[in-house]
Amino acid sequence: VQLQASGGGLVQAGGSLRLSCTAPGRDFSNWAVGWFRQAPEKEREIVAALSWSGGTTYYADSVKDRFIISRDNAKNTVFLQMNSLKAEDTAVYYCGASESVRTAVYEYSYWGQGTLVTVSS
């Protein structure tokens, strides 16, 4: 399954962005999806993850109460709503698909190409 992430851009601190993750031509409604991010010279880290049903979620402490992960299986899309953005949220954001909600990069089988989020302070 090849995923496609979109929605990144330049935003001022305190602003919001919504990222989207789709699987063009494929149905990934039975997969858990995770959003990860990778800042320059840093390792890729988990941001949030959501089960296929939407019943199980995971958020990194750094984004709790600011980011919301959701999905619309009818549209084959997973979203990451990012609010109250901070400069330290600047990174390339990737979505990945896994059999269940996981937090490690190696546990995700499929990835998108990434979308750049830049937060100016």
Side-chain angles (χ1 to χ4, degrees):
V1 178
Q2 180 63 42
L3 305 181
Q4 182 173 321
S6 62
L10 174 64
V11 64
Q12 289 188 333
S16 298
L17 279 176
R18 188 175 79 159
L19 306 183
S20 299
C21 177
T22 62
R26 298 293 296 271
D27 179 7
F28 76 149
S29 61
N30 291 327
W31 292 80
V33 174
W35 283 100
F36 289 73
R37 65 187 180 188
Q38 187 165 15
E41 300 182 357
K42 292 189 176 181
E43 293 187 353
R44 191 173 298 189
E45 63 177 5
I46 183 77
V47 174
L50 181 67
S51 62
W52 69 270
S53 68
T56 301
T57 57
Y58 171 85
Y59 292 97
D61 288 343
S62 59
V63 306
K64 278 181 181 177
D65 300 324
R66 297 190 299 124
F67 290 10
I68 301 171
I69 188 170
S70 63
R71 69 192 303 160
D72 184 339
N73 285 338
K75 296 182 179 180
N76 210 34
T77 304
V78 175
F79 303 99
L80 184 68
Q81 178 67 41
M82 305 186 296
N83 302 317
S84 302
L85 283 162
K86 306 175 181 180
E88 51 264 44
D89 294 318
T90 294
V92 177
Y93 284 71
Y94 299 87
C95 58
S98 177
E99 293 183 352
S100 60
V101 173
R102 304 292 183 186
T103 59
V105 171
Y106 74 88
E107 293 176 304
Y108 283 75
S109 303
Y110 305 100
W111 292 93
Q113 83 289 358
T115 185
L116 177 62
V117 173
T118 303
V119 184
S120 62
S121 57

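For the single chain, residues carry numbers from 1 onward in sequence order.
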A23 and L3 have their tightest heavy-atom pair at CB-CD2, 3.8 Å
query: Counting only heavy atoms not in D65, do more than 12 fall under 6.0 Å of its CG?
result: no
Tightest non-hydrogen contact, residues V105 and R44, listed as CG2-O, 3.9 Å
dist Y93:OH -> Q38:CD (nearest 0.5 Å) comes out at 12.0 Å
With sequence neighbours left out, the residues meeting side chain to side chain donor-acceptor pair (under 3.5 Å) with D27 are S29
Applied to residues 67-77, the side chain to side chain donor-acceptor pair (under 3.5 Å) test, sequence neighbours excluded, yields R71-N73
For E107, the salt bridge (Lys or Arg N to Asp or Glu O under 4.0 Å) test, sequence neighbours excluded, returns none
In short, side chain to side chain donor-acceptor pair (under 3.5 Å) pairs touching residues 112-121 with sequence neighbours left out are none
For residues 4-61, the ring-ring contact (aromatic ring centres under 6.0 Å, His included) pairs (sequence neighbours left out) are W31-Y110, F36-Y108, F36-W111
The salt bridge (Lys or Arg N to Asp or Glu O under 4.0 Å) partners of D61 (sequence neighbours excluded) come to K64
Residues passing the side-chain contact (heavy atoms from CB on, under 4.5 Å) test with P24, sequence neighbours excluded, are Q4, T22
**Asked** Are Y94 and I46 connected, step by step, through hydrophobic side chains (Ile, Leu, Val, Met, Phe, Trp, Tyr) whose heavy atoms are closer than 4.5 Å?
**Response** yes
Closest non-hydrogen atoms of V101 and A49, given as atom of the first, atom of the second and distance, are CG1-CB, 3.8 Å
Shared hydrophobic cluster, V47 / L85 (ILVMFWY, side-chain heavy atoms < 4.5 Å):
yes
Quiz prompt | Same cluster (ILVMFWY, side-chain, under 4.5 Å), F67 and L50 | solution = yes
So disulfide (SG to SG under 2.5 Å) across residues 16-121, not counting sequence neighbours, yields C21-C95
Distance-only donor-acceptor hits, side chain of residues 5-18, under 3.5 Å, sequence neighbours excluded:
from	atom 1	to	atom 2	distance (Å)
S16	OG	N83	OD1	3.0

Across all chains, not counting sequence neighbours, the side-chain contact (heavy atoms from CB on, under 4.5 Å) partners of S53 are S51
side-chain contact (heavy atoms from CB on, under 4.5 Å) test vs V117 passes for just one of L19, T90, V92, namely L19
Residues 77-104 vs salt bridge (charged side-chain N to carboxylate O under 4.0 Å, His left out), sequence neighbours excluded, gives R37-D89, R66-D89
So disulfide (SG to SG under 2.5 Å) across residues 48-86, not counting sequence neighbours, yields none
